[in-house]
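What follows is a single structure, written as structure tokens, with notes after it.
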Amino acid sequence: MHSLKPPLAMKRPRPPSPPPLSPASTKQTSPPPRPLKSLHPNTPPISSKKPKSHPKWVPLNLSQTELSLPLTFPTGQTFRWKQTGPLQYTGTIGPHLLSLKHLQNGDVSYFIHFTPSESAAKLALLDFLNVSISLAKLWEVFSENDSRFAELAKYLKGARVLRQDPVECLVQFLCSSNNNIGRITKMVDFISSLGTHLGSVGGFDFHEFPSLERLSAVSEEELRQAGFGYRAKYITGTVDVLQSKPDGGAQWLLSLRKLDLQEAIDALCSLPGVGPKVAACIALFSLDQHHAIPVDTHVWQIATKYLLPELAGARLTPKLCSRVAEAFVSKYGEYAGWAQTLLFIADLPSQKALLPSHFWDIKEKKSAKIEDSNSCNIDGNYS
DNA sequence: CGGTAACCTGGGAT
DNA sequence: AATCCCAGGTTAC
């Protein structure tokens, strides 16, 4: 159960750089069940030293105030980038494999591990990072309208919204429903392994995200065996719908960038497994819908605490879901999604260390364990 | 149309 | 050790 080769026959062109493990040897007669567990490669820390040309770290004109890698990459927008160093993250953008890291002064540099075109890689990177949008300017406005935001912003500078590929973003968030980060990551890794191998960095293998055509060759059963649970049919169902679009699913998704938010959300919700929350994630993280608000359990907590206290204790229904989104937009404006991103991050346990203790959200699991009966309030907090 | 109960799975709490 | 609960929801009654 420790074989790691991609589970399905590789019909795609051979990888541009030799994969670290040679799948050729393993005789494949039957499709062996491949549980998600232990997808972690046991590859050595570094491999493949083939110098493509003269790769080197190249500075981006981006300060930490505009882009903090630790606050942007491992905080739930994407599950495809891996930490490969102290302040370094590695991932793919289209057919490009690259790393980003902070320099001593906080500025960001990038390193191209593999690309068909250096200039295209640079352009793709700038696009992916949404560099045309000034985070500092946005946050200035948010801070004027919200003193709590202003406080949090001091400690969490550079939490930026990425501009991801819609197909990639969609599939990732299809995996996210009612799920936890660890398992989502494993599922995304599984899907990713179906794409063309682009290289290996820091012990991680990186693949171009598989095309819809490639994905359409995967059956629901295979995904279930891989541990996707009921989300297996979401993937196959959505891929099928996308494949049926006249101009192709990828193009159809891209066309949603030109629509109004509600139209884009409605279109996305027509896909199986895509509800309001997942649709908002896709809209915000890949479709230029900067005021989309993914209302998940975290955001619901935040909203009922600081934005709509009158709703505290209520259950999260689609109706209230849109009510929360409206509240965010009316408070933060057309880039409300970018504000929500910071508030969401501030609520993550993993970022607690960056904040003064008075920001720590005293989360008392509803366990509460009231010694006796009587006072049994729903949400555990009493004000 | 608004409210509820299943839905896969694995890790942590009870 | 056996259950219960929950995790960045969606779908079907």
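Letters A, B, ... mirror the listed sequences (proteins, then strands); counts begin at 1. The shown structure was predicted, so the numbers you read here are calculated from the model rather than taken from an experiment.
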Between A:His102 and A:Asp107: side-chain donor-acceptor atoms closer than 3.5 Å: no

Sorted by number, the residues of residues 327-336 of chain A with heavy-atom contact under 4.0 Å to DNA chain C: none

ring-ring contact (aromatic ring centres under 6.0 Å, His included) involving A:Phe209 - partner list, sequence neighbours excluded: none

Span that lies between the P atom of B:dT9 and that of C:dA1, in whole angstrom: 24 Å

C1' atoms of B:dG11 and C:dT10, separation to the nearest Å: 23 Å

Atom pair distance, as rounded to whole Å: CG in A:Leu174 and P in C:dG8: 17 Å

Comparing A:Phe344 and A:Cys269 on DNA chain C - which has the more 5′ nearest nucleotide: A:Phe344

Touch class at under 4.0 angstrom, heavy-atom based, for A:Ile181 against every strand present: base

Candidates A:Leu170, A:Val167, A:Leu215 - the one meeting side chain to side chain contact (heavy atoms under 4.5 Å, CB included) with A:Thr238: A:Leu170

Protein-nucleotide distance (A:Ile184, atom CD1; B:dG10, atom P), rounded to Å: 14 Å

Nearest-Å distance for atom pair CG/P, residues A:Leu170 and C:dT10: 12 Å

Separation of the P atoms in B:dC8 and C:dC13, to the nearest angstrom: 14 Å

Close side-chain approach of A:His197 to A:Asp205, heavy-atom, < 4.5 Å: yes

Integer-rounded Å distance: B:dT9 C1' and A:Leu223 CG: 14 Å

Touch class at under 4.0 angstrom, heavy-atom based, for A:Gly273 against every strand present: sugar-phosphate

Sugar-phosphate, base or nothing in reach of A:Val299, heavy atoms under 4.0 Å: nothing

Nucleotide B:dA13, atom C1' - distance to CG of A:Asn180 in whole Å: 15 Å

Residue mapping more 5' on DNA chain C - nearest nucleotide basis, A:Pro294 or A:Pro272: A:Pro294

Span that lies between the P atom of B:dA5 and that of C:dC5, in whole angstrom: 13 Å

Distance-only side-chain donor-acceptor flag, A:Thr115 / A:Ser117, under 3.5 Å: no

Protein N or O to nucleotides 2-8 of chain B N or O, pairs below 3.5 Å:
unit_1	atom_1	unit_2	atom_2	d
B:dG2	OP1	A:Lys319	NZ	3.0
B:dC8	OP1	A:Arg224	NH2	2.6
B:dC8	O5'	A:Arg224	NH1	3.4
B:dC8	O4'	A:Tyr230	N	3.2
B:dC8	O2	A:Arg183	NH2	2.6
B:dC8	O2	A:Arg231	NH1	2.8
B:dC8	N3	A:Arg183	NH2	3.4
B:dC8	N3	A:Arg231	NH2	3.1
B:dC8	N4	A:Asn178	ND2	3.1

Contacts of A:Gln64 that satisfy side chain to side chain donor-acceptor pair (under 3.5 Å) - sequence neighbours left out: none

Gap between atoms CG and P, on A:Leu320 and C:dG9 respectively (whole Å): 16 Å

Length of the line joining A:Phe173:CZ and C:dG8:C1', which is rounded to integer Å: 8 Å

Which residues share a side-chain contact (heavy atoms from CB on, under 4.5 Å) with A:Pro116, sequence neighbours left out: A:Pro95, A:His96, A:Phe114

Same-atom distance (C1') from C:dT11 to B:dG10, integer angstrom: 23 Å

Separation of the C1' atoms in B:dG3 and C:dG8, to the nearest angstrom: 22 Å

Pairing string, 5' to 3', for DNA chain C - Watson-Crick or wobble contacts under 3.5 Å, brackets [ ] where pairs cross, | to another strand: ..|||||.|||||

Aromatic ring pairing A:Phe111/A:Trp57, orientation class (parallel under 30°, perpendicular over 60°, tilted between): tilted

Mutual orientation of the aromatic rings belonging to A:Phe128 and A:Phe73 [parallel < 30°, tilted 30-60°, perpendicular > 60°]: tilted

Aromatic ring pairing A:Phe149/A:Phe142, orientation class (parallel under 30°, perpendicular over 60°, tilted between): perpendicular

Check against salt bridge (charged side-chain N to carboxylate O under 4.0 Å, His left out), A:Lys122 and A:Asp127: CA-CA 9 Å; A:Lys122 173 78 180 281; A:Asp127 183 73; over 6 Å; no

Test log, rule salt bridge (charged side-chain N to carboxylate O under 4.0 Å, His left out), inputs A:Arg224 and A:Glu220: CA-CA 6 Å; A:Arg224 279 196 173 263; A:Glu220 176 184 341; 3.3 Å; yes

Interatomic distance where CD1 belongs to A:Ile302 and P belongs to C:dG8 [whole Å]: 12 Å

Sugar-phosphate, base or nothing in reach of A:Leu271, heavy atoms under 4.0 Å: sugar-phosphate

Salt-bridge present (A:Arg183, A:Asp189; N to O < 4.0 Å): no

